[in-house]
Number of protein chains: 2
Amino acid sequence: MAGPGRGVTIADVAARAGVAASTVSYVLSGKRSISPETADRVMQAVADLGYHPHAGARSLASRRAGVIAMMLPLRDGMHLPVLMQFASGAVTEARRHDQDVLLMTADEGPAGLARVAASAIVDGLILMDVEVRDPRVETLRRLGLPSVLIGFPADAEGLTCVDLDFTAAGRACAEYLRERGCGDIALLGASEAVYARRTGFAERVREGFLGRSGPATVQPCPDDPVSVQRTVKELLAANPDLNGLAVHNEPAVGHVMHALADAGKRVGEDFHVVVIGPDEVAERVHPQLPSVLVPAETLAETAVRHLMRKLDGLDVPDSTLVEPQLTIR
Amino acid sequence: MAGPGRGVTIADVAARAGVAASTVSYVLSGKRSISPETADRVMQAVADLGYHPHAGARSLASRRAGVIAMMLPLRDGMHLPVLMQFASGAVTEARRHDQDVLLMTADEGPAGLARVAASAIVDGLILMDVEVRDPRVETLRRLGLPSVLIGFPADAEGLTCVDLDFTAAGRACAEYLRERGCGDIALLGASEAVYARRTGFAERVREGFLGRSGPATVQPCPDDPVSVQRTVKELLAANPDLNGLAVHNEPAVGHVMHALADAGKRVGEDFHVVVIGPDEVAERVHPQLPSVLVPAETLAETAVRHLMRKLDGLDVPDSTLVEPQLTIR
DNA sequence: TTCCTCAATCGAAGCGCTTCGACGAAGGTT
DNA sequence: AACCTTCGTCGAAGCGCTTCGATTGAGGAA
């Protein structure tokens, strides 16, 4: 049952290396200078015994848990693959800094934040999918726990926020279509609900998209096949000269393409389409379409890196916008 | 900066309630009988001060971290929304047992397991997407850390495994189609790669599906639109009398429906389709199709519950198959 | 040579909690 | 009345680690 490595303490390592426990600690942390010979002996003992410091003991003594929390939204409307990419990116980056990641769901709310803060189970916090008016933000401020937000709340004063530059993404789409000679363009977005809820997100794409001169329409749209068919049909009817479309609604893309085909549009020839969405989904399902990627992994890495800097007492920019990338295939 | 609740220790609570620290501990854990009056006073002090036990100290003293690890696969081929549902279900259930969840990715491999085990950062482990030959299984055995696997490795001896009863799912699909009067039925599965890798999963659906009498075909299939179109076309050509189709490939469903429509099949009338897939995706995107759900959340809850029992020294069945549910709309 | 500095190491004091053994005060038995 | 239980509570001993002086010896400055 008890395999090797189970129950190996710093005292065991110290004994084997013929030094004091504190010396082992200093070798491992590098906080005091140790002669190379001693360090070698200690490291050898660590390897021989398969020693890993007891996380609880360490956190108790050093007031550093070596764990950060990541609070994911788990509600409708989020595109789940993006979340997974995000989670994956965050865990990977955190491990690079020797940190583990504790998973929380948004439904724990402010109370959850208070709990992890008070129990010192984590050193810092990453909050995803922050809304314009987010009840967690006030608690976060009060707790004074180092944190990084993905998204921008209404009052970002004193908080560290990271997000995709959605305005730039919208602009990039419009530019792409204009360059292809499209005179009348439209943006097919997410459902109304998303617009209503997260001004900071869909709104910014819309702004970027509309920022350019020339006729442009923005049309929210649910992602079920029937609604997509109808919406596209109506859009084409209302804008007879429409020849460029940006789709900011990943699950709907397939249906949009079908609707366009049904309407006799030849995409890539007299009609152009560009997608805003998460990395790989767009690539795998619609290899033919150009797309502006939501670089979920980069976003996660940036967030974690910023948090690490904060934990080390270094300073980080209050606001970081990650550049979107337009990929043309 | 330092909000309320920051730095409140058990001693503070004890002082305020006028008892010894150990008494507070016993009130909180219920491990010794305490008079109702004292308990009340202690609980009041806890509430007043916003006390939360220090996780590190607790884990050091009690040898229980109050955290379980969940190792997610983060590689191609998994359907990501299912993972998220799973993660969500696991976290929610874990919180019900006052546990937190540490997120690990499969690429940490056996070494990752050894690390979390030795550092006592977690009390137990949930491994998702376990393959038939999984390198983590041997390490797991050696570590002797309580764990629950989702999926079945080749040698499940002594391990606790939970999974959907895929055989039953395949059987349910075949039965559904037969009942609708389909004489010649087929199963459109995932890509060849999936079959090659995880015998335990796609294979079992196939077995259940083929178990019934009558003509039946099984056809692996990638999930991009072009391949789906081709595969369906070929399938129909090879089986002219085909009038029932089970699709075990969620992302392909939309394309399948289009291909069938193109081929002049009237689904729901002279042709029947049933989907095997994750809960909500099927529901949202194809509300009209009957489906056998992969109850990711139930699976996660079951896994966590089993793990909790193991941590409490209770016994659990070695192998648990969760019943699929055929939903007809 | 004597004194001082600095690098390398040690020992001890906690960090905040759980848990074990004691102990006084009731209440029950003879 | 003397004894044994049982109940409710306390104090102290650690859990394994980090960290803060203190200590030693060697090298340089005076």
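Below, read A as the first sequence line, B as the second, and so on, with proteins coming before strands; counting in each chain starts at 1.
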For a quick test of your reading: what N or O donor-acceptor pairs under 3.5 Å do the side chains of residues 65-73 of chain B make, sequence neighbours left out?
none

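- Among residues two or more places apart in sequence or in another chain, the side chain to side chain donor-acceptor pair (under 3.5 Å) test is passed with A/Asp134 by A/Arg136.
- Overall, the helix from C/dT1-D/dA30 to C/dT30-D/dA1 carries an axis bend of 50° between its ends, with five pairs at each end and the value rounded to 10°.
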Output a table of donor-acceptor pairs, distance under 3.5 Å, between side-chain atoms of residues 304-311 of chain B and any protein atom two or more places apart or on a different chain; print 'none' if there are none.
from: B/His306; atom 1: ND1; to: B/Thr302; atom 2: O; distance (Å): 3.4
from: B/His306; atom 1: NE2; to: B/Thr320; atom 2: OG1; distance (Å): 3.1
from: B/Arg309; atom 1: NE; to: B/Asp315; atom 2: O; distance (Å): 3.4
from: B/Arg309; atom 1: NH2; to: B/Asp315; atom 2: O; distance (Å): 3.2
from: B/Lys310; atom 1: NZ; to: B/Ser147; atom 2: O; distance (Å): 3.0
from: B/Lys310; atom 1: NZ; to: B/Thr160; atom 2: OG1; distance (Å): 2.7

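- With sequence neighbours left out, the salt bridge (charged side-chain N to carboxylate O under 4.0 Å, His left out) criterion links A/Asp98 to no other residue.
- Contact footprint of chain A on DNA chain D: nucleotides with an atom under 4.0 Å from a non-hydrogen protein atom, first to last in 5' to 3' order, D/dG16 to D/dA22.
- Only A/Ser22, A/Thr23, A/Tyr26, listed by number, bring a heavy atom of residues 21-28 of chain A to less than 4.0 angstrom from any atom of DNA chain C.
- Both B/Ala20 and B/Leu60 sit near DNA chain D, but only B/Ala20 has its closest nucleotide nearer the 5' end.
- Not a single salt bridge (charged side-chain N to carboxylate O under 4.0 Å, His left out) links B/Asp40 to another residue, sequence neighbours left out.
- Not a single salt bridge (charged side-chain N to carboxylate O under 4.0 Å, His left out) links B/Asp165 to another residue, sequence neighbours left out.
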In sequence, state the C-alpha distance, the side-chain angles, and the governing distance for B/Asp107 and A/Arg95, and then conclude on salt bridge (charged side-chain N to carboxylate O under 4.0 Å, His left out).
CA-CA 11 Å; B/Asp107 52 319; A/Arg95 291 297 311 135; over 6 Å; no
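- Under the salt bridge (Lys or Arg N to Asp or Glu O under 4.0 Å) criterion, the residue pairs touching residues 10-33 of chain A are A/Arg16-A/Asp48, with sequence neighbours excluded.
- Of the residues in residues 30-39 of chain A, those with a non-hydrogen atom less than 4.0 angstrom from any atom of DNA chain C are A/Arg32, A/Ser33, A/Ile34, A/Ser35, A/Thr38.
- A/Asp155 has a carboxylate O that lies under 4.0 Å from a charged side-chain N of A/Arg141, or vice versa, which qualifies the two as a salt bridge.
- Here A/Arg96 pairs with A/Glu93 under the salt bridge (charged side-chain N to carboxylate O under 4.0 Å, His left out) rule; sequence neighbours left out.
- In this structure the side chain of B/Gln99 reaches within 4.5 angstrom of the side chain of B/Arg64, judged on heavy atoms.
- Here the shortest heavy-atom pairing between B/His54 and A/Leu60 reads CE1-CA, 4.0 Å.
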